[in-house]
Amino acid sequence: MRRARGLSQEELAHRADVSRGHLGKVENAKFAASLDLLERIARALNVDPELLFSKR
């Protein structure tokens, strides 16, 4: 979703107020995201948080 919107990890991390390293670990399933972080990521992507759980 991030790539489809033309955002770098750094830009999305900035918009979601999280470090780029942490976001990268969440994207690569090396770290579980809290509900708060998922909401911030969804807001930064301008999507409903539910879409973060849909299959690709």
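The distance from the CG atom of L23 to the CG atom of D17 is 12.0 Å, given to the nearest 0.5 Å. The OG atom of S8 sits 11.5 Å away from the CZ atom of R3 when rounded to the nearest 0.5 Å.
Listed by chain and residue number, nothing satisfies the salt bridge (Lys or Arg N to Asp or Glu O under 4.0 Å) test with R20 (two or more places apart in sequence, or in another chain). With sequence neighbours excluded, the residues forming a salt bridge (Lys or Arg N to Asp or Glu O under 4.0 Å) with R15 are E11, listed by chain and number. A search for salt bridge (Lys or Arg N to Asp or Glu O under 4.0 Å) contacts involving D48 returns nothing, not counting sequence neighbours.
When all heavy atoms of L52 and L38 are compared, the pair lying nearest together is CD1-O, 3.4 Å. Nearest heavy-atom pair, A42 versus P49, reported as atom, atom and distance to 0.1 Å: CB-CA, 3.6 Å. Contact between A44 and A16 at its shortest, heavy atoms only, is CB-N, 4.0 Å. For L45 against R2, the heavy-atom pair with the smallest separation is CD2-CA, 4.0 Å.
No more than 12 heavy-atom neighbours from other residues, nucleotides or ligands sit within 6.0 angstrom of CG on L35. Around NE2 of H14, the count of heavy atoms belonging to other residues, nucleotides or ligands within 6.0 Å does not exceed 12.
In this structure, the side chains of H22 and L37 come closer than 4.5 Å at one or more pairs of heavy atoms.
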